[in-house]
Amino acid sequence: MSEQCNHLIDYVNGQLTDTETKEFEAHLSTCSICEEELNEIRALTDDLGFDVDPIEPPPDMKERVLSAAFAEETPVESQSADVQKPIASGSTTNKQEPHGLKRKKKVNWLIPTMAAALFLSLIGNIYTVSQLGEPDDVAIEPSITVDSLVQRLNLQPAAETIPFQATASFVNKDHYQQLVVEAAQLSQPEDTQVYQVWLLKDGEPYRAGTFTPAEDGSGISTFDIDPEMGYDTIAITIEPDETSETPEGDIVLVEEL
């Protein structure tokens with residue numbers, strides 16, 4: 001057996017250098033045994049799928065497949081022992097096995113191994129496709145809420161010269177209440193100024209939304225509130241910026257609740 005015959009598996013796996021590959025291919029053209037084994041390996045591997053992202057199958061599946069494959073393999077050494085015969089005294093013999101016989105042993109070991117690899121790869125591909133093809137276990141249905149309008153009122157200008165208009169709606173949600181303020185005909189604030197909504201209880205102000213109007217003077221603000229607070233007044237002011245914790249600007253719209 002030529003030393004080049006030992007490079008067959010490395011050649012199949014692409015592990016040889018360019019020089020080693022050329023040397024092995026030159027050997028392959030003269031060695032029918034290597035050529036036969038190479039054809040058998042390629043026949044086993046040609047149908048393997050390589051265009052699916054691999055997903056590792058369960059560990060116990062891999063162990064069962066490999067165990068079953070190797071359990072059916074007949075040990076080569078025991079078969080060789082059964083056919084050995086005594087050698088007559090004075091006779092000569094070549095202790096090295098014939099080239100073809102030794103290579104056939106390697107084929108007998110290689111074929112079940114490649115078959116197991118092929119089978120394992122097919123199982124992995126089936127497992128991958130099944131995972132990719134399965135729809136979501138449970139379709140997530142959007143949560144449905146029923147809103148109910150508790151109160152809607154018009155805010156009044158704080159002075160006759162103010163043309164602003166606004167409405168305030170109190171809407172009950174599932175577990176809270178929301179204040180929705182819609183305004184119109186507002187003037188554009190200067191620099192960092194903003195419109196600030198306030199809810200008052202016994203004269204104590206609470207921030208309830210900040211907004212700036214659109215170019216047409218319309219604006220809207222929403223704010224979640226606690227209906228148990230018992231607010232008694234709603235008001236809108238023009239503040240220097242959005243950081244005001246208490247009213248600093250003049251009240252432009254106001255209404256009792």
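The first residue in the sequence is number 1, and the count goes up from there.
- Annotation: salt bridge (charged side-chain N to carboxylate O under 4.0 Å, His left out) contacts of D202 (sequence neighbours excluded): none.
- Heavy-atom neighbours of N39 CG from other residues, nucleotides or ligands within 6.0 Å: above the threshold of 12.
- Considering CD1 of I234 and CG of L257, their distance stands at 6.5 Å, rounded to 0.5 Å.
- When side chains are defined from C-beta on, D224 does not count as touching Q177, because their heavy atoms never get closer than 4.5 Å.
- The structure places OG1 of T212 at 10.0 Å from CD of E242, a figure rounded to the nearest 0.5 Å.
- A distance of 9.5 Å separates CD1 in I9 from CG in L38, rounded to the nearest 0.5 Å.
- The environment of NZ in K22 is sparse: at most 12 heavy-atom neighbours from other residues, nucleotides or ligands sit within 6.0 Å.
- Looking only at atom types and distance, the side chain of T210 has a donor-acceptor partner in the side chain of Q196 under 3.5 Å away.
- The 12-atom threshold is exceeded at CD of Q188, counting heavy atoms of other residues, nucleotides or ligands nearer than 6.0 Å.
- Remark: side-chain polar atoms of K201 are paired, donor with acceptor, to backbone N or O of M229 under 3.5 angstrom.
- Side-chain atoms of S187 and P213, non-hydrogen and from C-beta on, never get closer than 4.5 Å to each other.
- The distance from atom CH2 of W198 to atom OG1 of T237, rounded to the nearest 0.5 Å, is 6.0 Å.
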**Asked** What's the verdict on side-chain contact (heavy atoms from CB on, under 4.5 Å) for Y11 and N13, showing C-alpha distance, side-chain angles and the deciding distance?
**Response** CA-CA 5 Å; Y11 176 76; N13 293 330; over 6 Å; no
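- A donor-acceptor pair is defined here as one N or O able to donate and one able to accept, closer than 3.5 Å; such a pair exists between the side chain of Q193 and the backbone of E190.
- No side-chain heavy atom of S169 sits under 4.5 Å from any side-chain heavy atom of Q151.
- A 6.0 Å sphere centred on CD of E25 holds more than 12 heavy atoms belonging to other residues, nucleotides or ligands.
- For the residue pair Y195 and E239, no side-chain donor N or O sits within less than 3.5 Å of a side-chain acceptor on the partner.
- Using a 4.5 Å heavy-atom threshold, the side chains of V181 and I236 count as touching.
- Crowding of D250 atom CG: a count of heavy atoms from other residues, nucleotides or ligands under 6.0 Å not exceeding 12.
- Atom CD of E182 is separated from atom CZ of R152 by 5.5 Å, given to the nearest 0.5 angstrom.
- Taking the six-membered ring for Trp and thresholds of 30 and 60 degrees, H7 and F24 have ring planes inclined between 30 and 60 degrees apart.
- Between Q156 atom CD and F164 atom CZ the span is 14.5 Å, to the nearest 0.5 Å.
- For the pair N172/D147, no side-chain contact is recorded, criterion being any heavy-atom separation below 4.5 Å from C-beta on.
- The shortest heavy-atom contact between P157 and I162 is CB-O, 3.6 Å.
- Hydrophobic cluster membership of I251, counting Ile, Leu, Val, Met, Phe, Trp and Tyr whose side-chain heavy atoms lie under 4.5 Å apart directly or via other members: V254.
- V197 has its side chain out of reach of Y206: every pair of non-hydrogen atoms, C-beta onward, lies at least 4.5 Å apart.
- Within the 4.5 Å cutoff, the side chain of L199 has no heavy atoms near those of the D232 side chain.
- Within the 4.5 Å cutoff, the side chain of H27 has heavy atoms near those of the C34 side chain.
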